[in-house]
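To start, the structure itself, in structure tokens.
Any value given below was found using the heavy atoms of this structure, including those in side chains, with hydrogens, waters and symmetry copies removed.
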Amino acid sequence: YQGLFERIQEGIDAAAARDNSPLDGYMRGTRALALLDLGRAKEAIAEAEFVICGPYPRGIIRFTAQLALARARIRLGLPDEGTLDEARALPTARRDIMRLAPLAVVDAEAHWLGAPRSGALEALRAAFDATLPTQGQRWALAEIALWLKLLGEEVNLSAEDLSRLPPA
């Protein structure tokens, strides 16, 4: 993450200078996810809520912020307050791997943390099956495979599939 927050801020500043609130909101959501990756859940919540409650239009722009907010709240034992319902209502949420996979991972994490999610394992397996043949989603594939293993599921990857995963 070295330099990541500086680059994100440069992007946010450039988007604001061009009055591009959709890009600004998406990058703020990305920053919230990065904060969460670093274990800074309260900061992630603040950043994500700024997007969700702020001047940003509804829709895909808020997706990364919704993911960050839901995951942070789940990790802190707080209710997600419908954040995931709004993300799941996006037209692309069931067919686009870039939406389907992260939503399945959020549910898997919640389930693993003791907040049972009906169909979490099935959704994760479906996301795995949809992601496996793709070429550009190696991080998603690796994350899904990890969560399947954490939930006690068998993950069978060929040598070719393994070669596509990000380096450890």
- Item | Heavy-atom side-chain contact between R117 and L84 under 4.5 Å | yes
On a heavy-atom basis, the closest approach of A44 and A32 is CB-O, 3.3 Å
One should read off an interatomic distance between R75 CZ and L36 CG, to the nearest 0.5 angstrom, of 4.0 Å
- Single-linkage hydrophobic cluster, 4.5 Å side-chain cutoff, L151 and I74 together: yes
Worksheet item: Looking at Y56, is R62 sitting on its ring face, NZ or CZ under 6.0 Å from the six-membered ring centre and within 45 degrees of the normal?
Response: no
| Within-4.5 Å side-chain heavy-atom neighbours: I45 and L76 | yes
- [ ] Report yes if some heavy atom in the side chain of D107 is under 4.5 Å from a heavy atom in the side chain of W147; otherwise report no.
- [x] no
| For the hydrophobic clusters of this structure (ILVMFWY residues joined by side-chain heavy atoms under 4.5 Å, transitively), does one cluster hold both L150 and L113? | yes
Here the pair of heavy atoms bringing R99 nearest to A93 is CB-CA, 3.7 Å
Closest heavy-atom pair, A65 versus A48, reported as atoms and distance to 0.1 Å, is O-CB, 3.3 Å
Between I61 and S21 the two heavy atoms that sit nearest each other are CG2-O, 4.4 Å
So CG of L38 and CG of L4: to nearest 0.5 Å the spacing works out to 8.5 Å
Q) Should M98 and T92 count as side-chain neighbours, where that means a heavy-atom distance under 4.5 Å? A) no
Between the CG atom in L35 and the CZ atom in F5, the distance rounded to the nearest 0.5 Å is 4.5 Å
CZ of R73 to OG1 of T83, rounded to nearest 0.5 Å, is 4.5 Å
Taken in chain and number order and not counting sequence neighbours, the residues that satisfy salt bridge (charged side-chain N to carboxylate O under 4.0 Å, His left out) with E143 are R71
Applied to residues 16-35, the salt bridge (Lys or Arg N to Asp or Glu O under 4.0 Å) test, sequence neighbours excluded, yields D24-R28, R28-E47, R31-E47
Q.
Is there a path of hydrophobic side-chain contacts, each under 4.5 Å between heavy atoms, that joins L141 and I97?
A. no
Does some side-chain heavy atom of F63 sit less than 4.5 Å from a side-chain heavy atom of L103?
yes
| message | Against the six-membered ring of Y1, is R40 placed for a cation-pi contact (under 6.0 Å from the centre, within 45° of the normal)? | response | no
With clusters defined by side-chain heavy atoms of hydrophobic residues (ILVMFWY) lying less than 4.5 Å apart, directly or transitively, does L33 cluster with I12? no
So CZ of R88 and CG of D85: to nearest 0.5 Å the spacing works out to 6.5 Å
- [ ] Could you walk me through whether I52 and E81 pass side chain to side chain contact (heavy atoms under 4.5 Å, CB included), step by step?
- [x] CA-CA 12 Å; I52 291 171; E81 299 180 357; over 6 Å; no
**Prompt:** Do L90 and V105 share a hydrophobic cluster, counting only Ile, Leu, Val, Met, Phe, Trp and Tyr and linking them when any side-chain heavy atoms are less than 4.5 Å apart?
**Reply:** yes
Give a yes or no on whether a salt bridge exists between R125 and E122, defined as a side-chain N under 4.0 angstrom from a carboxylate O. no
A130 and L100 have their tightest heavy-atom pair at CB-CD2, 4.2 Å
Could you check if a side-chain atom of L132 sits within less than 4.5 angstrom of a side-chain atom of L157, using non-hydrogen atoms only? yes
Smallest heavy-atom separation, P102 atom then L67 atom, equals CB-CD1, 3.4 Å
### Query
Do L69 and Q66 come within less than 4.5 Å of each other through their side chains, counting heavy atoms only?
no
So OG1 of T131 and CD1 of I144: to nearest 0.5 Å the spacing works out to 3.5 Å
